[in-house]
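One structure is given below, encoded as structure tokens.
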Amino acid sequence: MTVVLPVTPTHPSRLGAALEAAGVERGALLAVAVGDRVVGLASAGARIVVQGGVEHLSAVDAAVHPRWVLWDAGSVRALVAAGVRLATCWHIAAAHRLLHGGWRADPQRAWAVEHGLDHRIAPSMGQLDLLSTATAAGAAGDPADPVQPDGYLRPEWVDGRWRADGTMAVTWAGTALDLARRQRAALEAAAPSDAEARRWSATVHAESAAELLCGELEADGLPVDLAIAAELLRDMIGARPVDDAAATAARAELDGTVLRHLPPGSGIDLRNPADVRSMLRRMGIDVPDTRAWRLETLRGDHAIVDDLLRWRKVDRIASTFGYGWLDQHVGTDGRLRGEWAASDGAAGRMTAGAGLHNLPAELRPMVRAEHGHVFVRADLGQIEPRVLAAVSGDPTLGAATAEDDLYLPVARRLGVERSVAKVAVLAAMYGQTSGTAGQALRGMQSAYPTAMKYLADAAAAGETGRPLRTFGGRRLRMYSIDGAADQRAAAAGRGRYARNAMVQGAAAELFKMWAVTVRARAARGTQVVLCLHDELLLHVPSAAAADTVDLVRDGLAEAAHRWSPGSGVRFVADVSVVDSWADAKD
DNA sequence: TGCGGCTATTG
DNA sequence: CACAATAGCCGCAG
């Protein structure tokens, strides 16, 4: 039974009371559609129009603690931009990516796939001006219904037709609610056991919260000391050029440090690898490519190699992380902001733009806590082999995780040096077959048969194009190799991809569960400012540092337990309190 | 203007 | 240069 309650929330408690009266309780799905000065809410028992903005939703969240249903990253951005920070959600796009794989997860696609419709022929706004008879027939019916007679969403609703109208906003929220429930049912149907259904559900919840976290990471940014940044850049690439002419001159001067070894007017472009290669050949250095690691060993052959490598380093900083980068991505508030994606790429890792994930180590001293604050920095130790132990259920590898350094017991068991053991474990997870890992890899086979079988099964699925699911339930679709010139090489590549994605993907799921657990428990004034695959950086008031260190450790234990209850696998984290990201760990 | 190749950086 | 990613510049095709 649907109840419609027009509410003008002059006080947030009125809205909370309305929700309570409608039977919305902790953890219940509550869809929200944020329009223009109007918000639509939809729960199992109520449809509520909120006249006005979203500013009261934080208070409602704290009081009722529902699981908010959101469509996508755009919904998250709209809420965060309005200052709303929700505790949890059901993120339809995140759930879609986990359930079905792939990256695209817009409302129309998520809706179509969950209704057994072909998303490739779904109607879109672009088609409306060239309506074919078929789509016109499909689009008939009541335009006030977001769902067409043919089952697809109406493109104009997807496009935001509902934003200005309260009744339409609640209808759109109701559509999201229907889809979320359908996704939840599909997840339970796809899970082979109750344990997996619980685990996959926990993963969707964590992935959803990670979407909220990404919205906050985008809004909050990473604290940067602009004075230190300028100083670092001045030392590395020189002072900021005053105009374009000065910039050109500085570039020519830098090029000269390498070109001085050549006769004038040689026409070599240092930014063109083919030119660099022929330049080196002229000096008697013949290389198949000019990558730094290859030139490294040839430093003594000719002075130009040394100068070239130095030029590369400076040019790289100047072009990618120079003054232009600083101007573009660091705000006047000293925060470095980039775009964040909660689940990107092959295995569902978090990704970030603006150099946040590949900032050169030499520039990290610019990342500094603000006055009265410190960073709590935490990174997981040896996460991938520990994750392999958990997901494969290998008892011997699991026992090895009891040690702080997992590679020591592995080395003892294989009867090899620690360094060899480490290479062997990594080679097994990455699918390396060549190189020095061969002998130790055979040792791995007899010492850890369960883990090795898990990896071999993943590789076999990849090679034959069978899709997989990670430990947390994320579907890994195998890309087509039909067009590949060398079918066997392509199949082997997909085998390595699958083998690695099962481990890296599961590690990403555990990491996100940790990150969102920390986010949920963090005190007011504490911000998660960076997530880097196995590392968390928190910006905290100095007085809260000690408590936050405990929180990060407890959060890892809590997340690991929720992620793999009873696996017995131990996860470890290095945690330190620092003023700068570059500071040594304690 | 878009795309593949090369290069560098990170986990 | 095993696995994953972002990003810049160059040459080339359209």
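What's counted below: heavy atoms across the whole structure, side chains too, no hydrogens, waters or symmetry copies. The sequence lines fix the lettering, A, B, ..., with proteins before strands; numbering per chain opens at 1.
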Next item on the list: Let me know the distance between CH2 of A:Trp293 and C1' of B:dT9, rounded to the nearest Å.
Entry: 17 Å
Checklist line | C:dC1 and C:dA5, which share atom name C1', separated by this distance in whole Å | finding: 15 Å
Please list, in numerical order, the residues of [range] that have a heavy atom closer than 4.0 Å to any atom of DNA chain B.
range	value
residues 222-254 of chain A	none
residues 266-290 of chain A	A:Pro273, A:Asp289, A:Thr290
residues 338-362 of chain A	A:Arg349, A:His357, A:Asn358, A:Leu359, A:Pro360, A:Ala361
residues 526-537 of chain A	A:Leu532, A:His533, A:Asp534
residues 299-335 of chain A	A:Arg312, A:Lys313, A:Arg316

Next item on the list: Could you list the residues that satisfy side chain to side chain contact (heavy atoms under 4.5 Å, CB included) with A:Ala347, not counting sequence neighbours?
Entry: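 Partners of A:Ala347 by the side chain to side chain contact (heavy atoms under 4.5 Å, CB included) criterion, ordered by chain and then number, come out as A:Ala501, A:Gln504.
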Margin query: List the residues meeting side chain to side chain contact (heavy atoms under 4.5 Å, CB included) with A:Ala210, not counting sequence neighbours, and say none if there are none.
Written below: A:Ala342, A:Lys512, A:Val516
Check: Do A:Asp482 and A:Ser480 have a side chain donor and acceptor closer than 3.5 Å?
Finding: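 Short answer, yes.
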Checklist line | side chain to side chain donor-acceptor pair (under 3.5 Å) contacts in which one or both residues fall within residues 410-421 of chain A, not counting sequence neighbours | finding: A:Glu403-A:Arg412, A:Asp405-A:Arg418
Notebook entry, point to check: Can you name the salt bridge (charged side-chain N to carboxylate O under 4.0 Å, His left out) partners of A:Arg109, sequence neighbours left out?
Noted result: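 Scan of A:Arg109 (salt bridge (charged side-chain N to carboxylate O under 4.0 Å, His left out), adjacent residues dropped) gives none.
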Next item on the list: Just jot down the ring-ring contact (aromatic ring centres under 6.0 Å, His included) partners of A:Tyr448, sequence neighbours excluded, or say none.
Entry: none
Note to self: So, using ring-ring contact (aromatic ring centres under 6.0 Å, His included) as the criterion, who are the partners of A:Tyr497 when residues are at least two apart?
What the structure shows: A:Tyr479
Side-chain donor-acceptor contacts of residues 223-234 of chain A below 3.5 Å, not counting sequence neighbours, with atom names and distances?
{"from": "A:Asp225", "atom 1": "OD1", "to": "A:Ala227", "atom 2": "N", "distance (Å)": "3.0"}
{"from": "A:Asp225", "atom 1": "OD1", "to": "A:Ile228", "atom 2": "N", "distance (Å)": "3.1"}

